[in-house]
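What follows is a single structure, written as structure tokens, with notes after it.
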Amino acid sequence: MPFKEEPAILLLDRMNDFRHSNPLYAFALDELLCRSAGKGGPAICHLWRHPHAFVLGQKDSRMPRAKEARQWLEEGGWMTVVRNSGGAAVPLDAGVVNVSLILPKKNALDLRFHNDFERMYDLIAEALQSSGRLVEKGEIAGAYCPGDFDLSIEGYKFCGIAQRRQTHASIIQAFVVAEGSGRTRAELVRAFYDVASCGDDSLGHPIVFGDSTASLEEIAGLGPQGALVFAAAIKSAIQSRQTPAGVEEAAARLIMPTEEELDTMVSSLKNRYAADC
């Protein structure tokens, strides 16, 4: 089902909320809001950034020298964590916008997960309509966190999409490289894999090249404040679907997690997904 058919979605804008140093806080918040959505809570679009983190996929965390690679990153000032959704390694900074669509399922047995990826694609493509660029989907060779739903402009990847499915709700998570250098981020990921794999490119991890990735500042003319410009466009797309009555009804069903619940979930995610590192 395309995004345009979604009911009212509440906005949770945490673009400038840098109070929590651990990037797992955002993933824990998504996880708890998804559980709530599965029990009657509203659909949510969560926008967030982290100033300096390197998020590993679960397969990345099991590479031969993943521990040494994480130590190398942390010595360079990057906080490393392992996420609970799909996908591979992604660096986060203030120029990367993270978009989470948290959506209840109408049918718990519905396994058509590609529909959820299409929803995110539709939302991002709509947000970038005013740029005049065509947003394409399909894996970009040499990009980090590769997948069938890489989003690109003129052959350069700027966005990757991953998913976390629960029984009665799902989270579709996108990272959007909005400003700064796409090449610099790609080269950092390549360096991580070179250390984690001992230079062995036969292990099945992404083989990343610097010229695969670009930011929206570089390829869509969003300017040096591209992260804020892109986030504003996403918010506008969401708000165009909202009605005062719909927002009021959805807000009445929203129960935000407590700090204690979030701390517990952060610890759970850390212990569950970083056990091999």
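Positions are given from 1, in the same order as the sequence printed here.
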Verify same cluster id: [X], [Y] (apolar side-chain graph, 4.5 Å):
{"X": "F230", "Y": "Y121", "answer": "yes"}
{"X": "I9", "Y": "M15", "answer": "yes"}
{"X": "F149", "Y": "I140", "answer": "no"}
{"X": "V266", "Y": "M256", "answer": "yes"}
{"X": "V229", "Y": "L11", "answer": "yes"}

Salt bridge [X]-[Y], side-chain N to carboxylate O under 4.0 Å:
{"X": "D201", "Y": "R190", "result": "yes"}
{"X": "R133", "Y": "E154", "result": "no"}
{"X": "D122", "Y": "R119", "result": "no"}
{"X": "R241", "Y": "E126", "result": "yes"}
{"X": "D13", "Y": "K235", "result": "yes"}

More than 12 heavy atoms of other groups within 6.0 Å of [X] [atom1]:
{"X": "Y156", "atom1": "OH", "answer": "no"}
{"X": "L254", "atom1": "CG", "answer": "yes"}
{"X": "E259", "atom1": "CD", "answer": "yes"}

Nearest heavy-atom neighbours spanning [X] and [Y]:
{"X": "I219", "Y": "A214", "result": "CG2-CB, 3.6 Å"}
{"X": "A53", "Y": "P23", "result": "CB-CG, 3.7 Å"}
{"X": "E179", "Y": "A227", "result": "OE1-N, 2.8 Å"}

Hey, is the main chain of [Y] close enough, under 3.5 Å, to the side chain of [X] for a donor-acceptor pair?
{"X": "E139", "Y": "P146", "answer": "no"}
{"X": "T264", "Y": "E260", "answer": "yes"}
{"X": "R83", "Y": "A88", "answer": "yes"}
{"X": "E217", "Y": "G180", "answer": "yes"}
{"X": "E31", "Y": "I171", "answer": "no"}
{"X": "R49", "Y": "A94", "answer": "yes"}
{"X": "N271", "Y": "S267", "answer": "yes"}
{"X": "E218", "Y": "G182", "answer": "yes"}

Which distance, rounded to the nearest 0.5 Å, do you find between the [atom1] of [X] and the [atom2] of [Y]?
{"X": "I102", "Y": "S36", "atom1": "CD1", "atom2": "OG", "value": "9.5 Å"}
{"X": "E187", "Y": "T213", "atom1": "CD", "atom2": "OG1", "value": "10.0 Å"}
{"X": "I172", "Y": "E118", "atom1": "CD1", "atom2": "CD", "value": "11.5 Å"}
{"X": "L188", "Y": "L73", "atom1": "CG", "atom2": "CG", "value": "6.0 Å"}
{"X": "H46", "Y": "F27", "atom1": "NE2", "atom2": "CZ", "value": "10.0 Å"}
{"X": "C145", "Y": "D150", "atom1": "SG", "atom2": "CG", "value": "7.5 Å"}

Taking side chain as C-beta onward, heavy atoms only, is [X] less than 4.5 Å from [Y]?
{"X": "R253", "Y": "P42", "answer": "yes"}
{"X": "I234", "Y": "V97", "answer": "no"}
{"X": "V81", "Y": "K270", "answer": "no"}
{"X": "N98", "Y": "Q173", "answer": "no"}
{"X": "V189", "Y": "P206", "answer": "no"}
{"X": "H205", "Y": "S197", "answer": "yes"}
{"X": "L101", "Y": "D116", "answer": "no"}
{"X": "D211", "Y": "R183", "answer": "yes"}

Quiz item: Where do K105 and R165 land on the side-chain contact (heavy atoms from CB on, under 4.5 Å) test, with the steps shown first?
Solution: CA-CA 10 Å; K105 294 181 187 177; R165 294 173 68 84; 3.5 Å; yes
Quiz item: Any idea how F192 and F54 line up, ring-wise: parallel (<30°), tilted (30 to 60°), or perpendicular (>60°)?
Solution: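 Because their plane-to-plane angle lies in the 30° to 60° range, the rings of F192 and F54 count as tilted.
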Self-check item: H20 vs H50, side-chain contact (heavy atoms from CB on, under 4.5 Å): CA-CA, chis, key distance, verdict
Solution: CA-CA 9 Å; H20 302 278; H50 192 281; over 6 Å; no
Quiz item: side-chain contact (heavy atoms from CB on, under 4.5 Å) between D30 and I44: does it pass, once the steps are laid out?
Solution: CA-CA 9 Å; D30 280 355; I44 293 173; over 6 Å; no
Self-check item: Check against side-chain contact (heavy atoms from CB on, under 4.5 Å), H168 and K39
Solution: CA-CA 7 Å; H168 298 288; K39 298 176 182 178; over 6 Å; no
Quiz item: Among F175, F158, Y193, F209, which residue meets the ring pair (Phe, Tyr, Trp, His ring centres under 6.0 Å) test with Y144?
Solution: F175
